[in-house]
Structures are given as structure tokens and as C-alpha cells.
Amino acid sequence: MTEASGNIINIKTGLAEMLKNGVIMDVVNADQAKIAEDAGAVAVMALERVPSDIRKQGGVARMSRPELIEEIMKSVSIPVMAKCRIGHFAEAQILEALGVDFIDESEVLTPADEDYHVDKNAFKVPFVCGATCLAEALRRIGEGAALIRTKGEAGTGNIVEAVRHMRQINQDIRRVLTLDEAELMTEAKNLGAPYELLKIVRKEGRLPVPNFSAGGVATPADASLVMQLGAETVFVGSGIFKSEDPPAYAKAIVKAVAHYDDPKMVLEASKGLSGEPMRGIDIHELETEQRLANRGW
Amino acid sequence: MAGKPVIGVLALQGAIQLHRPHIEAAGGEYLPVRTAGDFERADAFILPGGESTTMLKLIDAFGLEETMRKAFAEKPVWGICAGAILLAETVRNPEQKSFGLLPITVTRNAYGRQLESIQQEIGGYPVSYIRAPVIEAVGPDVEVLAEREGQPVWVRRGSAMASTFHPELTLRYPSPMHRTFADLARSPLPGSKPAGPH
């Protein structure tokens, strides 16, 4: 998002720009962080349990222990992200004090506030937030998010929801482009999206901040799919360390993202994976309350 | 060279497309560069900001090192932030491989993490330092074009140029740095030969 002066991308979104065309990997310890870095990850997400384990084990999922995040920060030279619960600004303050490079206000953790998200404009550290459609993305950007990712359905190894959300955002943007000036305010009212941001979308034909994809990426082909649908970088949560050969999957997905629009290169990246990808869950087996994408508004 | 120089931006990872309006406003043609053929087409190269470790892994994975080494020995190249790290003769924090095209010593993330990222003006033009490296030392024949707190942030030797900041995040086209580089692409100077094997 541009600053008031309008002539420079702000420093928070600037970091998101540097992470483009890459893979951000969930890691639960320093060893995994090293594997991610060695495979060419552009950043790691430090957390105690990957989403598929959170799903399995249940209970309240909170911000990770600071010592764990610190240990991961010390072990790699690439940016380190960490998650806080939706609306839990105290967790966010702790993560900022810890010096993480990005905070993910994430539906993967149990929400702390069912009405309000964190006021991200109040922080110096950049935030990434999940979205399922344009209006949700613009509400988060209005609150100060420097980066948007699709929610997908974390911990399922199933790409269907990330595809749904990416297509929805694209369709919503295309619709905004068909509106004339007079129709924009009503559209803002109907969508529940900030008018000023909607104006930027209409002018630029895209979100005012980078748009990444998350939730369900398990193979090089999945990464290529969401990149071709418009994702500018891919988050891989459980997909790497719940596969049978994490270093191989990590490297393969990094290579596939670099050449996502060249099928021969994605084919090359897809070969030689001896282990199985993570097993995955059919989305229709999940009850509505088990769907993490429904968290937040 | 007459007319429009083709300025290739290494398009493996990082802030690639933001260079397009700067390059075009400076009178060049923008080309994302990923394959050996692309390297032949371009007259000059920008190694963009992003993660240097990721770029190194991908250069290795796709077998591009020799192609790049040859291209950089013959044509102008500008490394930005991560790209500056790839061009430096010596890299610290941690030590890592590089093309060694510029006799400079670079320490990665030397200002600190993202919370230490800032925006500052260089000659009236705002630029961004994002988890930026610091150029700790420069060889005697390296020209320092700008400094921050007494340390070089924009340097050049012959047709090789490096900056630790990002002018491409500024939406006023072209940046003075892109203008300088486009001039270099039009009339390359000698002296961008690799300093030695690395």
C-alpha cells in the first residue's frame, strides 16, 4: 500500500515485495528451519505445531513459545514470521518486541476476538492476514495488513479452498473494474469494503498490497496452480514436513514456483520425489465448525 | 549502443516487476531473465532485491552460474540489496558464495531485522532500506556514489554497480539510479571483469 504521499511503497509492504516469487515454509524447530533455508525458502513461519497437527490435536491453539521463535530466528538468515491469534493484540505486541520480521494474524490459531481483528496500523512490524474474497482482503488492508494471503483450508493438503479464494478475489476485482465512479460507493457498502481502497483497486486492477496463497499446497503442481491463478508467492504449511521426504518436497516446490508458468520446468521439479506428499483430507469430510477459513470476517 | 538497451531483470525470486516502469522511463526495454537464452538477449542486468540465499539455490538448481558469470563479464550489471550481496567479493553473516564482481565486503542484515528497515532520501529521491546489508569495505578503485552514516550504500566500478537500498519501491519514474544504469547500459565502461574465482 502506498503512503499518504502516494509516491513510495511503505516499508512494511516493501518487505512483502521482496518475498515475491518464493516459498514461505512452516517450521516447528531450528532443524526444520535449516532444511527450509537450504531448500531456498524466502522466509519461514515459526510455530509450535503445523496446522494439520493443530487440527488433529484440537484444544486452544495459541502464539508459539517465544524461546522457540527465538531459536528459529537465530538459526537462519532469512526472515522469520510468527502467528498471533485473530484479535490478540497482546500476542502481536510480544511478537513485535521479540523482533520477528512479519506477524501472521492467523485463523489457524484459535481466535481471541470473534468481532474485531488487530489494529495493525498501530504496529511497526508488518502483518499478513488471510482473506477469502476481495472485501475481506480490503478490510484487513484497511486495518493495516501489508500483505494478503488466501486462507485456503490450512492443514488439509487440499488445494481446493485456496483455489476458490484466489478465483473469488480475481472475480471480485474484475467486477470492480466494470463499475463506473457513481457505482463504487454502493459497491463499497454492499461488499463491506473501505471505499478509498476500492478506488485503488479500480484504478490499479489489483489489490493495493501483494497477494500470496496459503492453505493446502502439497505438491509442485499445487504451487504452479495457485501462482498461475495470480498468487505472487506460496505459503506451504503442513505440505513439506508432513510429506515423506521434506527436503525433497521443499526443493521441488521452490523450483516449481521459480518457473511456475513453464510446464516443462514444473514437470522437472515434480520428478524424483520418492516419498508420498502429505496424505490430505477431503474438504467435504470437514464439518462447518472444523473449517478454519470461517474464522475472521 | 544506439537506441533502447534491453535491461534484463533476474527473474528467479524477489521484487522483479517493480523495475519495469523505471527501466521504461529511463529509455530501456524491460526483460525478465530466467534462461540462458534470456541472458543473451539482454544488454545489461539488474539483480533485484529478494533473498540472496534463495537466488543462490536457484542459480545452482538451474545450472545458471557459468551463463551468468560470462554475461556479467561482458555486460553491465547492477545488484540491489540481495543482488549486491551476489556481486560482492566477500560476504559475511554468514559467509556465502558470490560472483565476486565488485571488490567490496558486504555484511548481510547488518542494520538488524525488519524493525530496523527505513526510508531515507538520496539527493532528494526517497529510497528504502529493507533488512539491508552494509558495505563494510570497498577496494581502492571502487567509486562511492552515496553514503548513509559514513558507510557506502551505492557504489560502482566500471560497469558493475551495487546499491544496498531499493529505489524501485519509489513510484517516481525513473529513479536516478535507474537513469545512471540505463546510461551505463547504453555505453558500458570497462572494468566489470570478475576480480577472481570464488
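Convention: sequence-line order gives letters A, B, ...; per-chain numbering from 1.
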At a 4.5 Å cut-off on heavy atoms, which part of [X] comes close to chain A: side chain, backbone, both, or neither?
{"X": "B:P126", "result": "both"}
{"X": "B:R172", "result": "both"}
{"X": "B:L169", "result": "both"}

Nearest-0.5 Å distance, [atom1] of residue [X] to [atom2] of residue [Y]:
{"X": "A:L19", "Y": "B:E51", "atom1": "CG", "atom2": "CD", "result": "6.5 Å"}
{"X": "A:M18", "Y": "B:L18", "atom1": "CE", "atom2": "CG", "result": "7.0 Å"}
{"X": "A:I78", "Y": "B:T53", "atom1": "CD1", "atom2": "OG1", "result": "5.5 Å"}

Quick check on [X]: does its [atom1] atom have over 12 non-hydrogen neighbours (other residues, nucleotides or ligands) under 6.0 Å away?
{"X": "B:E121", "atom1": "CD", "answer": "yes"}
{"X": "A:F89", "atom1": "CZ", "answer": "no"}
{"X": "A:R65", "atom1": "CZ", "answer": "yes"}
{"X": "B:R113", "atom1": "CZ", "answer": "yes"}
{"X": "A:K20", "atom1": "NZ", "answer": "yes"}
{"X": "B:E143", "atom1": "CD", "answer": "yes"}
{"X": "A:K203", "atom1": "NZ", "answer": "no"}

Side chain [X], main chain [Y], donor-acceptor under 3.5 Å:
{"X": "B:Q13", "Y": "A:V23", "value": "no"}
{"X": "B:N109", "Y": "A:S77", "value": "yes"}
{"X": "B:Q119", "Y": "A:I9", "value": "yes"}
{"X": "A:E37", "Y": "B:T54", "value": "no"}
{"X": "A:E17", "Y": "B:G14", "value": "no"}

Nearest heavy-atom neighbours spanning [X] and [Y]:
{"X": "A:I11", "Y": "B:Q114", "result": "O-NE2, 3.2 Å"}
{"X": "A:E96", "Y": "B:L115", "result": "O-CD1, 3.4 Å"}
{"X": "A:H259", "Y": "B:F62", "result": "CD2-CZ, 3.3 Å"}

Select one option (side chain, backbone, both, neither) describing which atoms of [X] are under 4.5 Å from chain B's heavy atoms.
{"X": "A:M73", "result": "both"}
{"X": "A:V257", "result": "neither"}
{"X": "A:A16", "result": "neither"}

Give the member of A:V100, A:D101, A:L15, A:V42 that has the highest number of heavy-atom pairs under 4.5 Å with chain B.
-> A:D101

Scored by heavy-atom pairs under 4.5 Å with chain B, the best of A:D38, A:V125, A:D262 is A:D38

Pick from B:M55, B:Q17, B:R34, B:E168 with the largest number of heavy-atom pairs that fall under 4.5 Å of chain A = B:R34

